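Model, not experiment: these values are computed from the prediction. Ligands are counted one by one from 1 in listed order, and the atoms in each one are counted from 1 as well. Sequential numbering from 1 along the given sequence is applied to the chain's residues.
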Amino acid sequence: MNEQIAPIGIFDSGYGGLTILREIRKLMPQYDYLYLGDNARSPYGSRSFEIVYKFTLQAVERLFEMGCPLVILACNTASAKALRTIQQQDLPQMSDPSRRVLGIIRPTVEAVDTITASKHVGILATEGTVSSHSYQMEIAKLFPHIIVSEEACPMWVPLVENGEADSPGADYYVRKHLDALLCKDKAIDTIVLACTHYPLLRQKIKRLITPSITVVSQGEYVASSLQDYLGRQTEMDARLSKSGSIRYLTTEQADKFAEKASVFLEEKVQAEQATID
Ligand code: DGL
């Protein structure tokens with residue numbers, strides 16, 4: 001089959017996936033990327049399984065329609081609540097079952113064992129990711145000796161989205177959830193920021209905890225796992241266009257997206273509005 005080559009699709013509920021995209025582009029600038037943020041319907045973090053699954057499937061279908069043979073769910077909540085069903089149930093029934101959808105939980109989990117010395121790990125994430133226990137289950141599968149504690153931080157996404165990440169006012173909510181997590185297990189030496197917005201709070205988090213605790217942002221692990229995947233999956237790699245371009249689509253107003261996206265990317269971007277449902 002002689003297919004057209006096309007960009008890698010990167011999907012997030014909104015802006016958070018930009019922290020993943022940034023690391024992927026740093027490592028693999030040669031590829032073309034099509035970023036889709038479902039800003040009009042975000043946040044996903046407090047939504048039910050059914051809704052997150054439905055919205056995520058719609059976004060994946062849209063990116064497939066636009067030609068992307070590979071879609072990364074650059075959102076923990078979508079990875080936790082929709083990835084498995086899309087991979088196992090939906091993808092095999094689609095017109096081209098050779099297309100692929102990958103998440104960001106597995107590559108993050110794979111890195112955890114090399115980082116923790118105490119083998120006690122804390123997960124900070126949205127309510128949806130925590131209630132799915134996806135991190136706990138993935139870690140138990142790969143590294144059953146690791147003790148996992150989880151804490152949902154429902155206020156953190158709005159703080160980041162409203163430009164309050166560095167404000168003194170954010171300290172209260174950041175400290176609240178850090179304390180709650182560290183109370184669950186005093187031996188935690190590694191905290192995983194398992195929500196794509198949280199890297200913007202990393203400096204504040206580090207200031208509020210002891211320096212002996214490692215704070216892990218997942219972007220670089222996702223990027224190196226993708227590089228490794230494409231190195232092995234040469235047929236998929238051949239289907240990906242490589243002219244170093246990036247296009248941003250949002251279900252919200254394009255100029256609104258462009259303005260906020262620059263906070264996550266530290267560069268100015270242009271965006272286009274898209275519908276996905
Ligand atoms: N990007 C989502 C995640 O990583 C969080 C944002 C949201 O709640 O929509 O879990």
Quick note, side-chain hydrogen bond (donor to acceptor under 3.5 Å, both in side chains) partners involving residues 16-31, not counting sequence neighbours, are Glu23-Lys26, Tyr31-Asp237
Is the distance between the ring centroids of Trp156 and Tyr173 less than 6.0 Å? no
For this session: Assess the side chains of Thr250 and Asn39: does a donor N or O sit below 3.5 Å from an acceptor N or O?
Result: yes
Using the benzene-type ring in the case of Trp, are the ring centres of Phe257 and Tyr15 under 6.0 Å apart? yes
Across all chains, not counting sequence neighbours, the salt bridge (Lys or Arg N to Asp or Glu O under 4.0 Å) partners of Arg232 are Asp228
Quick one: ligand 1 N/O to protein N/O pairs below 3.5 Å?
residue  : atom   : partner : partner atom : Å
ligand 1 : 1 (N)  : Asp12   : OD1          : 2.9
ligand 1 : 1 (N)  : Thr196  : OG1          : 2.8
ligand 1 : 4 (O)  : Asn76   : N            : 3.0
ligand 1 : 4 (O)  : Asn76   : ND2          : 3.3
ligand 1 : 4 (O)  : Thr196  : N            : 3.0
ligand 1 : 4 (O)  : Thr196  : OG1          : 3.1
ligand 1 : 8 (O)  : Tyr44   : N            : 3.4
ligand 1 : 8 (O)  : Gly45   : N            : 2.8
ligand 1 : 9 (O)  : Ser13   : OG           : 2.6
ligand 1 : 9 (O)  : Tyr44   : N            : 2.7
ligand 1 : 10 (O) : Thr77   : N            : 3.1
ligand 1 : 10 (O) : Thr77   : OG1          : 2.6

Residues pairing under ring-ring contact (aromatic ring centres under 6.0 Å, His included) where one sits in residues 41-80, two or more places apart or in two chains, turn out to be Tyr44-Phe55
